[in-house]
Amino acid sequence: MLEMQPPIFARSRAGRRGLDLPAAGVPATGGSEGWSGSLAGLLGEVEMRDDPPRLPELAEPEVVRHYTKLSQLNHAVDTGFYPLGSCTMKYNPKVNDELAGLSGFAELHPYQAAEDVQGALQAMWELEQQLLELTGMRRASLQPAAGAHGELVGILMIRAWQRDRGEGHRDTVIVPDSAHGTNLATASMAGYKVVEMPSSERGLIDLGSLSGALSRHQVSALMLTNPNTLGLFEEDILEISRLTHEAGALIYYDGANLNAILGKAKPGEMGMDVVHVNLHKTFSTPHGGGGPGAGPVAVGETLEPYLPGPLVARRADSGGTGGAADIKGSADIKDSADTDGPAEFYFDRERPKSIGRVRGFYGNVGVLVRALAYITSMGGDGLLQAAEDAVLNANYLRARLRDTYEIPYDRLVMHEFVASASRQKLYGVNARDLAKRILDFGMHAPSIYFPLIVPEALMIEPTETENRDTLDAFVEVMRQIDRECRENPELVQTAPHTTPVRRPDEVLAARRPVLRWKPEDDVSG
Ligand SMILES: *Cc1c(COP(=O)(O)O)cnc(C)c1O
């Protein structure tokens with residue numbers, strides 16, 4: 001069992017040192033009363049503190065062990081199964097991290113001249129080409145820092161386009177009731193009214209409801225997710241596209257679930273106007289816990305002029321898809337910089353209709369590099385296989401769990417499926433209890449209570465990176481917990497029993513997080 005660690009301050013012992021610094025090489029011009037005197041003399045007017053800071057005194061191995069143990073208290077995809085639906089918590093190959101850490105990427109300075117960062121610009125340009133190929137769109141901005149940020153950018157572009165054509169009175173965004181919460185938040189942050197559209201009995205967009213909403217409101221955009229959060233592919237997508245465009249509105253495609261359809265289907269070919277892609281879900285950036293991500297937005301012809309700028313462009317671009325073969329060698333690039341000639345890759349700032357910059361400097365470069373490394377190393381065939389395996393794994397689990405758990409939309413799904421704890425609820429156990437009990441078996445819980453249209457929802461996304469042994473082990477755990485619900489519900493209701501923290505107050509933890517330990521609140525005794 002993992003134990004909570006006492007704070008590092010509690011391990012401090014006076015006089016212990018991590019390292020010995022050599023004597024200072026600056027003249028001791030001040031008094032001789034220790035560490036502050038001489039520096040004070042040297043620094044003159046600068047305010048010096050009177051007392052040394054209260055830092056813990058420890059040797060290096062103690063510090064390393066402390067933080068390594070702390071890091072092991074978290075569940076991670078590197079330590080166990082992580083079927084968190086809607087999040088695509090796949091395993092991320094370590095080589096992609098290594099490439100992102102290359103100094104030409106990791107040590108870029110935001111104010112370096114374009115001539116000096118040609119490699120990074122080329123990587124960004126190539127990533128854009130790859131994303132365009134995968135989404136079937138025309139141009140993309142890599143700036144947005146997350147999926148939700150990409151959504152906001154997309155909706156702001158739609159608004160700019162509509163105002164340009166004198167249709168600024170359109171004030172409504174339609175969102176299906178299975179949508180991710182960020183869709184509704186995005187539309188209302190952009191100042192729109194949100195109309196929630198009930199799903200059909202099959203868990204899809206209902207064409208009748210859509211037509212009704214389009215005729216009753218001044219609709220600016222439809223925001224949809226495909227495959228949707230029930231893991232279902234929108235079978236009427238072409239008709240949805242036709243109806244929406246006929247009504248003078250555009251379609252925002254939430255591409256967070258792209259993993260399921262990589263190489264199979266392209267939003268561009270479904271008639272979508274703008275799509276965001278979660279690089280930190282589909283394209284190999286470790287995530288969870290709010291780490292850096294990226295949510296590039298790709299657009300079709302209508303919205304291209306409105307993309308946030310600047311865009312990375314290639315000089316004398318022939319319009320081809322590029323690739324390593326027709327990109328000049330680094331020696332040429334260096335030459336052109338030396339002679340002050342135009343460098344091959346540059347920031348295109350001549351975009352008069354652009355909605356402007358939405359993020360500082362280059363965006364999250366490390367995330368962009370990981371995505372490019374992942375796409376390039378997988379290749380088209382590899383990505384297609386990833387999508388197929390993700391779908392196979394989700395359907396395998398669905399088929400093996402359907403005897404034990406209620407599955408409201410029980411038919412072929414894409415990357416994930418939504419089960420319900422409604423049968424277990426008869427014994428007084430709810431989805432949250434069940435999720436907590438899963439933690440006792442060293443696995444992460446599925447997403448719960450989402451989407452809202454399934455009561456006691458358990459949203460399960462195994463991803464393609466899990467083998468059959470792991471999937472079978474998960475099935476066994478789920479079956480055992482079901483037995484416990486009937487035989488000993490209290491065991492499940494009081495779970496987890498083996499984790500370092502049991503049931504924290506989730507609201508308080510989010511609203512008033514305690515991120516800093518201060519000596520005065522030492523509770524370790
Ligand atoms: C994760 C997700 C988002 C939001 O992406 P963030 O990067 O977390 O902002 C939006 N829509 C869907 C369907 C998602 O799964």
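Whatever order the structure lists ligands and atoms in, that order sets their numbers, starting from 1. Just so it is clear, the structure is predicted and the values come from calculations on it, not from any experiment. Side chains included, hydrogens not; waters and symmetry mates left out as well; all remaining heavy atoms used.
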Worksheet item: How far is atom 6 (P) of ligand 1 from its nearest protein heavy atom, and which residue and atom name does that atom have?
Response: Gly147 N, 3.5 Å
Discussion item. Show the atoms of ligand 1 that are less than 4.0 angstrom away from any heavy atom in Ala256.
Written reply: 2 (C), 11 (N), 12 (C), 13 (C), 14 (C), 15 (O)
Practice prompt. Kindly identify the option in Lys281, Met223, His276 whose heavy atom sits closest to atom 2 (C) of ligand 1.
Written response: Lys281
Fill in: Ring centroid separation His444 to Phe81 under 6.0 Å
no
Fill in: Shortest protein heavy-atom distance from atom 5 (O) of ligand 1, along with the residue and atom involved
Asn278 ND2, 3.1 Å
Item to complete: Ignoring hydrogens and angles, state whether a donor on the side chain of Asp254 or Asn183 is under 3.5 Å from an acceptor on the partner side chain.
Response: yes
Discussion item. Side chains of Thr285 and Asn92, heavy atoms from C-beta outward: is any pair under 4.5 Å?
Written reply: no
Practice prompt. Give yes or no for whether the N/O distance cutoff of 3.5 Å, strictly under, is met between Thr225 and ligand 1.
Written response: no
Item to complete: Please work out which of Met459, Glu416, His280, His287 has its closest non-hydrogen atom nearest to atom 8 (O) of ligand 1.
Response: His280
Discussion item. Using a 3.5 Å cut-off on N or O atoms only, is Ala148 in polar contact with ligand 1?
Written reply: yes
Fill in: Spatial distance of atom CE (Met478) from atom OG1 (Thr404) [nearest 0.5 Å]
8.5 Å
Fill in: Nitrogen or oxygen of Asp254 less than 3.5 angstrom from that of ligand 1
yes
Side-chain polar contacts of residues 291-311 - donor-acceptor pairs under 3.5 angstrom, sequence neighbours left out - could you list them?
{"unit_1": "Glu304", "atom_1": "OE1", "unit_2": "Arg138", "atom_2": "NE", "d": "2.8"}
{"unit_1": "Tyr306", "atom_1": "OH", "unit_2": "Asp164", "atom_2": "OD2", "d": "2.5"}

Fill in: Ligand-side contact atoms (ligand 1) for residue partner Thr182, heavy atom cut-off under 4.0 Å
3 (C), 4 (C), 10 (C), 11 (N)
Worksheet entry | Contact partition for Ala146 relative to ligand 1, non-hydrogen atoms under 4.0 Å | both
Worksheet item: Do any N/O atoms on Thr229 end up under 3.5 angstrom from N/O atoms on ligand 1?
Response: no
Discussion item. Distance check, rounded to the nearest 0.5 Å: Ser220 atom OG versus Arg163 atom CZ?
Written reply: 9.5 Å
Response to the item:
From the list Leu142, Asn364, Leu127, Ile375, side-chain contact (heavy atoms from CB on, under 4.5 Å) partner of Leu279 resolves to Leu127
Discussion item. Show me the pairs that pass side-chain hydrogen bond (donor to acceptor under 3.5 Å, both in side chains) and involve residues 269-279, at least two apart or across chains.
Written reply: His245-Asp273, Tyr252-His276, His276-Asn278, Asn278-His280
